[in-house]
Amino acid sequence: AHIDEVRRDYSARINQLSGEELKVTDPVLETSSTSFFLAYHGLGNKQLQHDVAALHLKSCPELAYTAPHCGTPSKGGGKIKVGFISAYFRRHSIGRLMQGVIENLPRDVFEVVVITQPGRRDPIARAIGDAADKVIMLPDSLAESRDCVAKEKLDILFYAEIGMDVRTYFMAFARLARVQCTTWGHPDTTGIPNLDYFLSSDLIETEIADDHYSEKLFRLSSLPTYYYFPDLPKIFKSRVEFGLPEDRNIYVCLQSVIKHHPDLDEIIGGILRGDKNSEVVLIEAAVPNWTEQVRRRMGATISDVADRVRSLARMGPEDFLSLINAADVIFDSPHFSGGNTSFDAFALGKSVVAHDGEFMRGRVTSGMYRAMDIDDMIGDTPKKCAEIALRLGTDLEFRNGVEAKIAERREILFENKAAINEMTRFLIEIHAGGGD
């Protein structure tokens, strides 16, 4: 009910502002926000994203800037010049999803320009930078950032995510390359007119998913990433080192608190009521008040078992992998599934209970299962997800069987050359089509 109320209010405010005379000179500084959180409501956002994009364009028409070279056809004959842009090309979910793609695209076909921001130079950031033919560090100014990219005369501009970073969100309103696309880094449509394509996969989209996007949906048959097998700790932390009891079944939801849709409470309640010898573990939020909000909500929705829900402090990558290893059962949040966390779990041979949502952002883990041809870990309702989790938690033979299948078939998820071949064809095809 609160989600519905917030969305009605949001839509009404957009409509009200759209009828006013507005002038925004620099939306990065003056607006300084995106509609990032809409993706966590479990509902379609195409119309809202369209409306808010139209409002931005009305209040700041300069956002629709077109780079001079975009008005002329490509000369052809040479390499396709493709720019990959994100503020998160580092040890971050975006860096992990994109590193292998940037490193493995064939250089006899593409000239690769990486466009990012100054910051931490961790191993992923260095690897991405080293793989590029050119690296551009964006200045703070939106106008100067646009100029930097426009001067590159790109054939294709590939946004690894849109909506997480304010500057790249507003840059996407401009036509800075002949063809512009985005993908699942932030898994929601943008509503931005100058975004031509959304790259996704048949594994994670429904049959009617074209209607979910303002962009033209392009579906690969593989997942749209070349994902490296993660570095695993030589020694894992024990359950006791996390302060977790050894004599109880431990069910863990690895997802961040912003993904804790109210339907998650039904899954947790079903687990704790069905397995009296259990605890559910969540991860604390980056913003402490978010953790408190969810705790208060669960105190009302599943009050009879809420005392067996505990939160662990946020932790580094090695401890996070140890927590996955220590869990008896891992389960996804509904409507917005795991991505990198599921890759990590499958690398460890662990099962993840997946909820098959209506929208792509709630179908990523189930899509990984489809790639592995495993279908008994996917539930289409919170009740069904709780039932699967309980079977894993209370039937060790069943759990061992599932995890044996994962260990046998997970190879397809990692360093899949077919994904590079498909993405190569995608980029060649949209370059030839010129955005049509």
K.L.:
Counting neighbours of NE2 on His50 that are heavy atoms of other residues, nucleotides or ligands and sit closer than 6.0 Å, is the number greater than 12?
P.N.:
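For His50, atom NE2 is not crowded (no more than 12 foreign heavy atoms under 6.0 Å).
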K.L.:
Backbone N or O of Gln255 within a donor-acceptor pair of the His260 side chain at under 3.5 Å?
P.N.:
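At least one qualifying donor-acceptor pair exists.
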K.L.:
Assess the residue pair Cys253 and Val280 against the criterion (side-chain contact (heavy atoms from CB on, under 4.5 Å)); give the C-alpha distance rounded to whole Å, side-chain angles, the decisive distance to 0.1 Å, and a yes or no.
P.N.:
CA-CA 8 Å; Cys253 179; Val280 165; 5.6 Å; no
K.L.:
Output side-chain donor-acceptor pairs under 3.5 Å for residues 164-174, partner residues at least two apart or in another chain, one line each.
P.N.:
| from | atom 1 | to | atom 2 | distance (Å) |
| --- | --- | --- | --- | --- |
| Asp165 | OD2 | Arg167 | N | 3.3 |
| Asp165 | OD2 | Thr168 | N | 2.9 |
| Asp165 | OD2 | Thr168 | OG1 | 3.1 |
| Arg167 | NH1 | Pro139 | O | 2.3 |
| Arg167 | NH2 | Gln117 | OE1 | 2.9 |
| Thr168 | OG1 | Asp165 | O | 3.4 |

K.L.:
With a 4.0 Å cut-off on N to O distance, would you call Asp211 and Lys46 a salt bridge?
P.N.:
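A salt bridge is absent here (no side-chain N lies under 4.0 Å from a carboxylate O).
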K.L.:
Nearest 0.5 angstrom please: Cys181 SG to Leu427 CG, how far?
P.N.:
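Output value for this atom pair is 6.5 Å.
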K.L.:
Quick test of your reading: applying side chain to side chain donor-acceptor pair (under 3.5 Å), list the pairs with at least one residue in residues 281-294, sequence neighbours left out, ordered by first then second residue.
P.N.:
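Listed once each, the pairs are Glu292-Arg295.
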K.L.:
Could you list the donor-acceptor pairs under 3.5 angstrom formed between side-chain atoms of residues 387-401 and any protein atom two or more places apart in sequence or on another chain?
P.N.:
| from | atom 1 | to | atom 2 | distance (Å) |
| --- | --- | --- | --- | --- |
| Glu387 | OE2 | Lys383 | NZ | 2.7 |
| Thr394 | OG1 | Leu390 | O | 2.7 |
| Asp395 | OD1 | Glu397 | N | 3.3 |
| Asp395 | OD1 | Phe398 | N | 3.0 |
| Arg399 | NE | Leu392 | O | 2.9 |
| Arg399 | NH2 | Leu392 | O | 3.3 |
| Asn400 | ND2 | Leu396 | O | 3.4 |

K.L.:
For Tyr88, check ring-ring contact (aromatic ring centres under 6.0 Å, His included) against everything at least two apart and list the hits.
P.N.:
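Here the qualifying residues are His92.
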K.L.:
Between Cys60 and Thr31, is there a side-chain heavy-atom distance shorter than 4.5 Å?
P.N.:
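A side-chain contact is absent here, since even the closest heavy-atom pair is not under 4.5 Å.
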K.L.:
Given 3.5 Å as the limit, does a donor-acceptor pair link the side chain of Ser18 with the main chain of Leu55, or not?
P.N.:
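Not at all, since once roles are kept as given, no pair shorter than 3.5 Å links the two residues.
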K.L.:
Hey, is CZ on Arg126 packed in by over 12 heavy atoms from elsewhere, all under 6.0 Å?
P.N.:
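Enclosed: over 12 neighbouring heavy atoms sit under 6.0 Å from CZ of Arg126.
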K.L.:
Where is the tightest heavy-atom contact between Ala160 and Ser86, given as atom of each residue plus distance?
P.N.:
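Scanning both residues completely, I find the closest heavy atoms to be CB-CB, 3.9 Å.
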K.L.:
Is there a side-chain contact between Pro334 and Glu266, using heavy atoms and a 4.5 Å cut-off?
P.N.:
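Side chain of Pro334 against side chain of Glu266, heavy atoms only: no contact under 4.5 Å found.
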K.L.:
Are any side-chain N or O atoms of Thr424 and backbone N or O atoms of Ile420, one a donor and one an acceptor, separated by less than 3.5 Å?
P.N.:
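Yes; at least one donor-acceptor contact below 3.5 Å.
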K.L.:
Would Tyr197 and Phe158 count as a close aromatic pair, with their ring centres under 6.0 Å?
P.N.:
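No, they do not, as the ring centres are separated by 6.0 Å or more.
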K.L.:
Taking only Lys NZ, Arg NE, NH1 and NH2, and the carboxylate oxygens of Asp or Glu, determine whether Asp202 and Arg219 approach each other closer than 4.0 Å.
P.N.:
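Result for this pair is yes, salt bridge flagged.
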K.L.:
When you measure from the side chain of Ser59 to the backbone N and O of His56, does any donor-acceptor pair fall under 3.5 Å?
P.N.:
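Side chain of Ser59 to backbone of His56, a donor-acceptor pair under 3.5 Å: yes, one is there.
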K.L.:
Tell me whether the count of non-hydrogen atoms from other residues, nucleotides or ligands lying under 6.0 Å of CD in Glu30 goes above 12.
P.N.:
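Yes, the 6.0 Å shell around CD holds more than 12 heavy atoms from other groups.
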K.L.:
Is the distance between the ring centroids of Phe36 and His186 less than 6.0 Å?
P.N.:
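Between His186 and Phe36, which both carry aromatic rings, the centre distance is below 6.0 Å.
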K.L.:
I'd like to know if the side chain of Thr183 reaches the main chain of Leu199, judged simply by a donor and an acceptor atom lying under 3.5 Å from each other, with no hydrogens or angles considered.
P.N.:
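The answer is yes, because a donor-acceptor pair under 3.5 Å joins these two groups.
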K.L.:
Give, for atom CG of Asp344 and atom CG of Leu323, the distance between the pair rounded to the nearest 0.5 Å.
P.N.:
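Going from the CG atom of Asp344 to the CG atom of Leu323 covers 11.5 Å.
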K.L.:
Using 0.5 Å steps for rounding, measure from the CD atom of Glu422 to the OG atom of Ser201.
P.N.:
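Here the interatomic distance stands at 7.5 Å.
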K.L.:
Ion pair present between Arg13 and Asp51, side-chain N to carboxylate O less than 4.0 angstrom?
P.N.:
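Judged by the 4.0 Å cut-off on N to carboxylate O distance, Arg13 and Asp51 do not form a salt bridge.
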K.L.:
Should Asn45 and Arg361 count as side-chain neighbours, where that means a heavy-atom distance under 4.5 Å?
P.N.:
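A side-chain contact under 4.5 Å exists here.
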K.L.:
Would you say Asn416 and Leu223 make side-chain contact, with heavy atoms under 4.5 Å?
P.N.:
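With C-beta onward as the side chain, the pair stays apart.
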K.L.:
Will you find, in the side chains of Tyr228 and Glu103, an N or O donor that is under 3.5 Å from an N or O acceptor?
P.N.:
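A donor-acceptor contact under 3.5 Å links the two side chains.
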K.L.:
Does the pair Val112 and Val82 meet the rule for a side-chain contact (heavy atoms from CB on, under 4.5 Å), with working shown?
P.N.:
CA-CA 5 Å; Val112 173; Val82 54; 4.2 Å; yes
K.L.:
Please round to the nearest 0.5 Å and tell me the distance separating atom OG of Ser342 and atom CD1 of Ile330.
P.N.:
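One finds 8.5 Å between OG of Ser342 and CD1 of Ile330.
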K.L.:
Hey, are the side chains of Ile406 and Ser351 touching, using non-hydrogen atoms and a 4.5 Å cut-off?
P.N.:
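In contact.
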K.L.:
Between Thr189 and Glu215, do the side chains contain an N or O donor and an N or O acceptor separated by less than 3.5 Å?
P.N.:
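The answer is yes; a qualifying pair exists.
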K.L.:
Above 12 or not: heavy atoms from other molecules or residues under 6.0 Å from CG of Asp373?
P.N.:
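For Asp373, atom CG is not crowded (no more than 12 foreign heavy atoms under 6.0 Å).
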K.L.:
Should Asp332 and Arg363 count as an ion pair when the cut-off is N to O under 4.0 Å?
P.N.:
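Between Arg363 and Asp332 there is no salt bridge, as every charged N stays at least 4.0 Å from the carboxylate O atoms.
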K.L.:
Are any side-chain N or O atoms of Lys58 and backbone N or O atoms of Glu20, one a donor and one an acceptor, separated by less than 3.5 Å?
P.N.:
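Side chain of Lys58 to backbone of Glu20: a pair is present.
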K.L.:
Among pairs that include at least one residue of residues 317-326, which meet side chain to side chain donor-acceptor pair (under 3.5 Å), considering only residues two or more places apart or in two chains?
P.N.:
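Non-adjacent pairs meeting side chain to side chain donor-acceptor pair (under 3.5 Å): Lys237-Asp319.
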K.L.:
Any Lys/Arg nitrogen of Arg370 or Asp356 sitting under 4.0 Å from an Asp/Glu carboxylate oxygen of the other?
P.N.:
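Looking at Asp356 together with Arg370, the answer is yes, because their closest N to O distance falls below 4.0 Å.
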K.L.:
Please check: side-chain N/O of Lys259 versus main-chain N/O of Tyr40, any donor-acceptor pairing under 3.5 Å?
P.N.:
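No.
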K.L.:
Locate the shortest heavy-atom distance separating Arg96 from Pro230; write the atom from each residue and the value.
P.N.:
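Minimum heavy-atom separation between Arg96 and Pro230: NH2-CB, 3.9 Å.
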K.L.:
Looking at CD1 of Ile250 and CG of Asn277, how far apart are the two atoms once the value is rounded to the nearest 0.5 Å?
P.N.:
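Between Ile250 CD1 and Asn277 CG, I get 8.5 Å after rounding to 0.5 Å.
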K.L.:
Tyr10 versus Leu38: any side-chain heavy-atom pair under 4.5 Å?
P.N.:
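Counting from C-beta outward, Tyr10 and Leu38 do come under 4.5 Å.
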K.L.:
Would you say Gln99's side chain and Gly95's backbone share a donor-acceptor pair under 3.5 angstrom?
P.N.:
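No, the answer is negative, given that no donor and acceptor are paired below the 3.5 Å cut-off.
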K.L.:
So, Glu415 side chain and Phe229 main chain: donor-acceptor pair closer than 3.5 Å or not?
P.N.:
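Between the backbone of Phe229 and the side chain of Glu415 there is a qualifying donor-acceptor contact (under 3.5 Å).
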K.L.:
Leu48 vs His41, test: side-chain contact (heavy atoms from CB on, under 4.5 Å). Steps then yes/no.
P.N.:
CA-CA 12 Å; Leu48 281 175; His41 293 167; over 6 Å; no
K.L.:
Could you name each residue pair satisfying ring pair (Phe, Tyr, Trp, His ring centres under 6.0 Å) that touches residues 292-331, not counting sequence neighbours?
P.N.:
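Ring pair (Phe, Tyr, Trp, His ring centres under 6.0 Å) check on residues 292-331 returns no pairs.
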K.L.:
Under a 4.0 Å N-O cut-off, is there an ion pair linking Asp328 with Arg239?
P.N.:
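Looking at Arg239 together with Asp328, the answer is yes, because their closest N to O distance falls below 4.0 Å.
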K.L.:
Below 4.5 Å, heavy atoms only, C-beta onward: do Ser337 and His355 meet side chain to side chain?
P.N.:
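The answer is no; the side chains never approach within 4.5 Å.
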K.L.:
Do Tyr227 and Asn340 have side-chain N/O donor and acceptor atoms under 3.5 Å apart?
P.N.:
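The criterion, which ignores hydrogens and geometry beyond distance, is satisfied for Asn340 and Tyr227.
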K.L.:
Using the ring-ring contact (aromatic ring centres under 6.0 Å, His included) rule, pick out the option among Tyr213, Trp184, Phe218, Phe426 that qualifies with Phe198.
P.N.:
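Among the candidates, only Tyr213 passes.
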K.L.:
Working to the nearest 0.5 angstrom, can you tell me the gap between Cys385 SG and Ile268 CD1?
P.N.:
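If I round to the nearest 0.5 Å, the distance is 12.0 Å.
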K.L.:
Decide if atom CG of Asn421 counts as having more than 12 heavy atoms of other residues, nucleotides or ligands within a radius under 6.0 Å.
P.N.:
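Yes, because the 6.0 Å sphere around CG of Asn421 holds more than 12 heavy atoms from other groups.
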K.L.:
Answer yes or no: is there a side-chain heavy-atom contact under 4.5 Å between Val113 and Leu154?
P.N.:
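Yes, close enough: below the 4.5 Å cut-off.
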K.L.:
Does Arg146 use its side chain to pair, donor to acceptor, with the backbone of Tyr65 at less than 3.5 Å?
P.N.:
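Judged by distance alone, no pair lies under 3.5 Å.
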